[in-house]
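Single-structure report; data block below.
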Amino acid sequence: PLCATAPLVCIKSPSHPYNLSFAGGRGKDGAPIITFPEFAGFSDIPDDDFLNVVTYLTSIPSLEAASIGFIIIIDRRRDKWSAVKASLTRIAGAFPGNLQLVFVLRPSRFIQRAIADIGIKLYRDDFKMKVPIIMLNSVSDLHGYIDKSQLTRELGGTLEYGHSQWIHHRTAIENFAMTVKTTAQMLQTFGTDLAETELPNDVQCTEELLSAHTDHHSKLKDELKLAVKQGATLLTCIREPVTRSANCKLSSDELENVATVERLLAQLDETEKAFDQFWTKHHLKLEQCLQLRHFEHDFREVKLALDNLMEAQAGFADIGDSVTRVEHLLREQKQLEEKGQEPLEKAQSLAVHGEQLIQNNHYAVDSIRPKCVELRRICDDFTNETKKKYDILGKSLELHKQLDKASQWCEAGIYLLASQAVDKCQSQEGAETALVEIEKFLVTAKEHQLSNPKEILQKLEDVQEMFDKRQVSLKKLAAKQMRPVQPVAPHPESSPKRASPKITRPAGVAVGKHCDSPPFLSSSHIINELIETERVYVEELQSIIEGYASEMDNPNLLHLIPSALQNKKEILFGNLPEIYEFHNRIFLKEIENCIENPELLARCFLKRKEDLQIYEKYCQNKPRSEALWRQCGDSIFFQECQRKLDHKLSLDAYLLKPVQRITKYQLLLKEMLKCSKNSEGTAELEEALATMLDIIKSVNDAMHQIAITGYEGDVSELGKLLMQGSFNVWTDHKKGHNKVKDLARFKPMQRHLFLYAKMLLFCKKREENTDGHEKTASYSFKNSLKMSTVGITENVKGDNKKFEIWYNGREEVYIIQASSVELKNTWISEIRKVLTGQLEACRGRTQRLCLTTWSWNKLLCCPISPGKSDLLCEDQLGGCSITGIETLVLIKENVLEFQKWHKL
């Protein structure tokens with residue numbers, strides 16, 4: 001592998017213009033030559049720079065050439081012995097490669113040459129070189145060891161060498177090597193990510209994953225193409241001299257460069273092939289995963305349709321009790337069969353598709369094959385059951401037809417017997433005539449001989465017996481004359497009712513539900529889910545506004561809008577446009593910025609706390625919107641808008657999205673809090689969750705508040721709604737009758753309480769059905785208590801869920817029972833806050849009043865004792881059990897006393 005490009009900086013550095021070169025020359029045995037040209041500042045070069053340069057130069061030749069050993073030429077013809085010594089010492093101590101020979105062109109001046117000759121003999125051992133050091137007097141001596149074609153012109157050779165071009169080529173090669181390395185790392189990283197990617201469980205996520213991976217693959221392929229193009233361009237540049245002139249030959253150094261670039265291109269090609277092979281397998285698996293998810297989605301839909309079909313078929317258990325009924329059942333069975341053709345064809349087609357996936361070596365054969373078997377089984381069961389139903393109903397129809405014929409034959413026979421006058425049969429001729437009629441009729445009896453049911457057979461036997469008896473009698477009459485007998489016509493017996501056969505319905509097969517426990521979600525998963533659902537939410541809001549609200553102003557659709565809906569767009573949609581603008585322009589962008597920093601999510605919710613209050617206004621308008629929808633929801637206008645938008649759900653489902661969304665936020669924050677326990681942003685997440693719960697509570701309270709009816713005042717003047725809820729309430733009046741007291745103890749009233757800063761409202765909850773829709777709650781106003789006049793008793797003996805609210809010295813007491821101790825404590829805490837706030841406000845006003853009274857007393861020299869004022873301020877107002885009414889009474893008494901003293 002090539003070293004980094006840092007050594008080239010040392011070679012090119014203006015501060016150290018040290019032209020140490022690797023010109024590409026070779027010794028007779030192919031050993032690479034490194035030249036140390038004359039350079040006055042050689043000793044000033046830092047050791048690190050020198051080591052980097054030498055290390056880099058020794059790394060350029062091939063391993064084969066480097067193993068032969070390097071030849072070093074040190075040119076010091078114009079220098080001194082000290083420079084020669086310094087060069088040899090540095091090379092001996094820092095040269096990293098294998099040395100073969102060291103040639104030194106000794107100083108040309110006489111004195112320095114003599115010193116060099118003596119010095120090399122004295123210090124040879126100090127250089128610690130295991131290779132020969134050959135001292136040369138001139139360049140011509142060097143030519144005796146190395147061919148001129150392998151030496152540069154500075155050394156009397158013919159080898160063409162351009163230092164700037166050499167650095168340019170080496171820099172380009174190093175850059176290309178880095179590009180190849182970076183590209184290989186990118187491919188390796190991408191391959192690792194692909195291998196570790198979990199396959200999604202739904203169609204949409206699989207499509208998104210396939211698209212993302214394909215895009216990434218395309219980008220990497222582009223990077224590969226650029227790298228290959230870069231290498232090819234570099235190779236062309238290096239070979240340019242040969243291209244220009246056929247007589248020109250590349251030096252050994254240039255041939256090494258060509259080999260290096262070709263090796264890098266080959267490495268790049270192998271990397272690309274390996275990556276393409278891996279990508280082909282991964283892409284196939286993703287496509288098969290998408291096929292599987294489509295198959296599973298279609299299977300669930302078809303399975304549901306088939307289950308409904310089988311359930312409907314199981315409901316056809318009746319075989320009919322008459323011809324008309326059986327014919328009706330056959331028509332219904334035919335309709336069911338026609339209805340089932342489409343899901344059956346889909347099931348068969350899906351099973352064939354599954355078999356094709358198996359034949360194509362799909363990786364999820366164990367999952368696909370059972371589903372194909374299940375589909376075919378259900379189809380066969382339905383077909384066989386249908387055939388069985390047709391067979392049973394066909395037999396039933398034939399049986400009932402025969403029964404009807406048999407019944408008609410019996411009725412005809414009875415009528416025949418009844419119509420034969422006995423007086424006419426007294427004569428032989430009359431008896432013979434009646435006998436012939438009976439015999440002719442009995443011939444038809446064989447046509448109605450049935451093996452089932454028994455009741456008809458019994459009736460046939462009874463009629464047959466009647467005919468036998470009549471026949472015997474007539475034969476006797478025909479044989480001899482008998483005295484007249486009073487004619488008695490036989491009464492036809494009432495045919496017994498046929499009991500409908502009981503068919504036992506097969507027990508329904510319970511469809512098992514497969515429930516996977518949700519995997520542990522990381523904060524990044526939750527952020528991604530929040531952003532994805534937020535984008536979908538914004539798109540849905542936009543589709544509602546553009547597809548419905550804007551269309552209400554479309555003059556081409558005005559004729560489709562019912563009169564009850566005219567000019568009521570604001571009622572139907574409320575402040576939905578305001579919600580859309582907030583989420584589209586602000587909130588979505590802010591939470592998208594949290595994808596890299598999940599800890600910023602809580603700050604988004606805290607920052608937009610006031611903005612999210614817009615949902616309260618939307619929910620307050622929701623009952624009016626729903627009432628208008630119930631009135632106009634089935635109009636053609638909404639159907640046309642829904643068709644254009646291709647929405648599966650009607651508008652009212654989408655108008656519930658804001659209410660669902662505000663709830664979704666607090667659920668996601670809860671999950672985020674679970675993932676971030678004991679981390680840095682836990683406190684902010686808890687605060688954000690508390691904020692969202694407060695907003696939801698505010699929205700919920702507002703929904704209840706607008707349902708209050710019968711209150712004559714303005715609810716908005718009562719201050720902020722603090723609490724609301726349903727309770728059991730007993731009342732106790734001192735001035736009331738004992739019966740009322742006794743009754744109050746045992747029979748509680750169901751009341752819904754609304755606690756405001758200034759008032760406590762008692763209402764009765766009523767639920768009404770509205771045109772078959774869900775029950776809507778309203779709250780009928782019953783009573784109210786000013787919070788400035790009430791007191792509380794926190795505990796009631798005998799029940800820890802009860803507390804009391806009273807006023808006027810307990811003249812009227814309300815005993816309130818909560819559903820739990822926690823709810824009771826919450827309400828007591830809120831009421832205590834209200835009373836404490838009022839108490840502190842009154843205490844401040846009273847203290848100012850007492851100071852004024854004391855000042856007048858001192859000014860007028862009246863003998864009023866300030867002690868009474870102190871008592872009022874400290875004792876009466878300082879106690880925790882003081883009520884608002886008592887405070888006002890004390891203040892009033894003090895004021896009257898002050899006015900009386902003032903008159904004196």
Side-chain angles (χ1 to χ4, degrees), residues 186-222 224 272-307 342-343 345-376 378-379 513-522 524-537 539-540 595 646-648:
M186 290 169 57
L187 296 179
Q188 180 66 29
T189 302
F190 182 56
T192 303
D193 292 342
L194 296 184
E196 295 176 354
T197 300
E198 294 183 3
L199 298 179
N201 293 322
D202 59 275
V203 174
Q204 182 179 356
C205 292
T206 306
E207 289 176 344
E208 292 174 354
L209 183 64
L210 179 59
S211 176
H213 284 187
T214 303
D215 292 343
H216 199 172
H217 171 260
S218 300
K219 292 178 181 178
L220 289 177
K221 288 291 288 184
D222 293 340
L224 276 169
E272 184 178 8
K273 288 180 180 178
F275 175 69
D276 288 342
Q277 184 178 6
F278 177 78
W279 168 253
T280 301
K281 293 180 180 178
H282 179 75
H283 188 259
L284 176 62
K285 189 169 185 179
L286 279 181
E287 287 185 335
Q288 289 184 344
C289 178
L290 183 59
Q291 293 171 350
L292 177 63
R293 299 301 174 241
H294 278 296
F295 178 79
E296 291 174 343
H297 178 267
D298 295 341
F299 173 78
R300 286 191 292 270
E301 290 185 348
V302 172
K303 181 69 164 53
L304 180 61
L306 291 178
D307 288 342
E342 183 178 356
E345 289 175 0
K346 287 184 178 179
Q348 294 290 354
S349 175
L350 188 60
V352 171
H353 177 58
E355 294 294 339
Q356 290 176 350
L357 293 179
I358 294 173
Q359 291 176 4
N360 293 333
N361 298 322
H362 198 284
Y363 71 88
V365 174
D366 293 339
S367 175
I368 297 173
R369 181 172 283 116
K371 292 180 173 61
C372 295
V373 173
E374 178 72 5
L375 290 173
R376 296 189 188 280
I378 296 177
C379 291
K513 297 182 179 179
H514 179 66
C515 301
D516 293 328
S517 58
F520 177 76
L521 296 178
S522 66
S524 60
H525 287 152
I526 298 171
I527 289 287
N528 289 333
E529 180 183 356
L530 175 60
I531 292 174
E532 290 302 319
T533 55
E534 185 74 11
R535 289 171 181 163
V536 173
Y537 176 53
E539 290 174 1
E540 289 175 341
I595 192 166
D646 195 23
H647 281 181
K648 295 182 179 180

Subject >> Step-by-step side chain to side chain contact (heavy atoms under 4.5 Å, CB included) determination, N360 to Q288 >> reply: CA-CA 10 Å; N360 293 333; Q288 289 184 344; 5.7 Å; no

**OP:** Taking the side chain as every heavy atom from C-beta outward, state whether S367 and H362 have any pair of such atoms under 4.5 Å apart.
**Re:** no

Original post:
Is there side-chain contact between E207 and H294, with heavy atoms separated by less than 4.5 Å?
Top reply: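 A side-chain contact exists here, since the closest heavy-atom pair is under 4.5 Å.
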
Original post:
Parallel, tilted or perpendicular: which describes the rings of H283 and W279, with under 30° parallel and over 60° perpendicular?
Top reply: tilted

Can you tell me how far [atom2] of [Y] sits from [atom1] of [X], rounded to the nearest 0.5 angstrom?
| X | Y | atom1 | atom2 | answer |
| --- | --- | --- | --- | --- |
| E540 | T533 | CD | OG1 | 10.0 Å |
| Q356 | C372 | CD | SG | 10.0 Å |
| F299 | L350 | CZ | CG | 8.0 Å |
| H353 | D298 | NE2 | CG | 7.5 Å |
| H282 | E287 | NE2 | CD | 10.5 Å |
| R369 | I358 | CZ | CD1 | 4.5 Å |

What's the shortest heavy-atom distance between [X] and [Y], and which atoms?
| X | Y | answer |
| --- | --- | --- |
| P200 | L209 | CD-CD2, 3.6 Å |
| A347 | C379 | CB-SG, 3.5 Å |
| M186 | L220 | CE-CD2, 3.4 Å |
| V203 | L290 | O-CD1, 3.9 Å |
| L286 | T206 | O-CG2, 4.2 Å |
| N201 | R293 | CA-NE, 3.5 Å |

**OP:** Take R376 and V352, measure what side chain to side chain contact (heavy atoms under 4.5 Å, CB included) needs, and give me the verdict at the end.
**Re:** CA-CA 10 Å; R376 296 189 188 280; V352 171; 4.1 Å; yes

**OP:** Taking T192 for its side chain and Q188 for its backbone only, find out whether a donor-acceptor pair lies under 3.5 Å.
**Re:** yes

Original post:
Hey, is the main chain of D276 close enough, under 3.5 Å, to the side chain of T280 for a donor-acceptor pair?
Top reply: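 Yes; at least one donor-acceptor contact below 3.5 Å.
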
Original post:
Can you list the steps and then say if K303 with D307 is a salt bridge (charged side-chain N to carboxylate O under 4.0 Å, His left out)?
Top reply: CA-CA 6 Å; K303 181 69 164 53; D307 288 342; 3.0 Å; yes

Subject >> NZ/K221: more than 12 non-hydrogen atoms of other groups inside 6.0 Å >> reply: yes

Original post:
Above 12 or not: heavy atoms from other molecules or residues under 6.0 Å from CD of E342?
Top reply: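 No, CD of E342 has 12 or fewer neighbouring heavy atoms, counting only those of other groups under 6.0 Å.
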
**OP:** Check whether the ring centres of H217 and F275 lie less than 6.0 Å apart, and answer yes or no.
**Re:**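 For H217 and F275, the ring centres are under 6.0 Å apart.
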
**OP:** Quick one: do R535 and E539 satisfy salt bridge (charged side-chain N to carboxylate O under 4.0 Å, His left out)? Show the steps, please.
**Re:** CA-CA 6 Å; R535 289 171 181 163; E539 290 174 1; over 6 Å; no

Original post:
Among L292, L284, L357, which residue meets the side-chain contact (heavy atoms from CB on, under 4.5 Å) test with Y363?
Top reply: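 Among the candidates, only L292 passes.
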
Subject >> Distance-only side-chain donor-acceptor flag, Q204 / E208, under 3.5 Å >> reply: yes

Original post:
Sequence neighbours excluded, which residues qualify as side chain to side chain donor-acceptor pair (under 3.5 Å) partners of E374?
Top reply: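 Residues passing side chain to side chain donor-acceptor pair (under 3.5 Å) with E374: R377.
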
